[in-house]
S.K.: 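Structure in structure tokens, see below.
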Amino acid sequence: MMNNCKAIQISENIFWVGAVDWSLRNFHGYETSRGSSYNAYLIVDEKIALIDTAKIEFKDELLARISSVIEPARIDVIVSSHVEPDHSGALKEVAALAPHAEIITTNPNGLKGLTARYGNLNYKAVKAGDEISLGKRTLKFVPTPMLHWPDSMVTYCPEEKILFSNDAFGEHLATSLRFDDENDLEIILHEAKKYYANILMPFGKQAQTALKALGGLELKMIATGHGVIWRTHIDKILECYKKWSAGEVEERAVVAFDSMWHSTEILARTITEAFARRGIPAAFYDIKKTPLSDIVTDIFTSKYLAVGSPTINNQMMPTVAAFLCYLKGLRPVNHKAFAFGSYGWGGQSVGYVEDELKAAGFEIILDKIRVANLPTAAQLQDITEKILALNL
Ligand code: FEO
């Protein structure tokens, strides 16, 4: 596809040459309501380096931006920070146009992953502390395993004080403005939190290890793999990552439920109101109406969670089961929870919800709340009193 895409200079002879995915609305079940970008960077020195590529669908956009600066055949080094195809998807096509380029990747996981996907290319495996000279500039490689794949790596250019961080510190956000200070900070930070919650939450320890490894670096820019480049609010995003990776939670509650004939919904409203009466802000989510990725973003920093489901066919509702499956995979820490729900007969769902919450590592702070048919005023009062009496 022909296009008129041009590179955007982010520092002298360093260019953003990535692609903006304006229409992306789903990334493996993560609802990306503001789209995304696949950021790649071109460093023009005595040697020319390309940091990452893009999703294969965006190879023309990537190549057009590169070609607006140099002939792709002049690329000497391609750094593959991460095998996942949103960053490596166009690697084979770029390598075909730059036949003498070395492809830098981690050993052994980057090497294995790239070979499995793209066959034998001109790979050069690196380990922690390895560096290459481009002439005036150096690239130092810092593997960040399981942040969030085994092969993940960041690259630091000390002369420019730029960290090319790939997935870390990024967010799914489509914007034509490349820098943090050109965009709405509240939106960026919300999307960065959503990104962390949905992708990095299981890897808090690895994130802390990476933060330690990056601790001594002077940073003028963090050039991420998605969303904006941090240059003005670097301290803010680092502070957020410290807090998020430590699993810090706030005195807030999330009430998430599905309902068939409003009985479980009435319980959810009562629970939300009871938390609020204790001075604990509570968010109310009907699971069938809210993307799971938004609910888990809120759960991530809320200390309390109540999950409700009516019983259907002797089970919890499939929407609630999917929500709990997603939540369990993200391995949240430092949360307290309880289960609730209504039923016509049987009423097994609430026990199953509680079992799943325990399996996900939640501390259960209130015995399961089960109500047959429609809750009475006395039952709602009893639930309120139990929540008000909780020793939190
Ligand atoms: Fe943005 Fe893990 O890829």
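Counting starts at 1 for both ligands and their atoms, in listed order.
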S.K.: Please work out which of the three classes, parallel, tilted or perpendicular, describes the rings of Tyr195 and His226, given edges at 30° and 60°.
M.R.: tilted
S.K.: Examine Arg370 relative to Tyr343 and say whether NZ or CZ is less than 6.0 Å from the centre of the six-membered ring and inside a 45° cone about the ring axis.
M.R.: yes
S.K.: From the options Leu324, Asp355, Thr311, Asp258, select the one residue that forms a side chain to side chain contact (heavy atoms under 4.5 Å, CB included) with Met316.
M.R.: Leu324
S.K.: Checking side chain to side chain contact (heavy atoms under 4.5 Å, CB included) against Lys124, which of Ile78, Ile104, Val77 comes through?
M.R.: Ile104
S.K.: Would you please test Phe323 and Ile295 for side chain to side chain contact (heavy atoms under 4.5 Å, CB included) and show each step?
M.R.: CA-CA 9 Å; Phe323 160 72; Ile295 304 175; 3.7 Å; yes
S.K.: Are Phe27 and His172 near enough that their ring centres are under 6.0 Å apart?
M.R.: yes
S.K.: Keeping to distances under 2.8 Å, can you name the protein N/O/S atoms close to atom 2 (Fe) of ligand 1?
M.R.: His82 NE2, Glu84 OE1, His148 NE2, Asp167 OD2
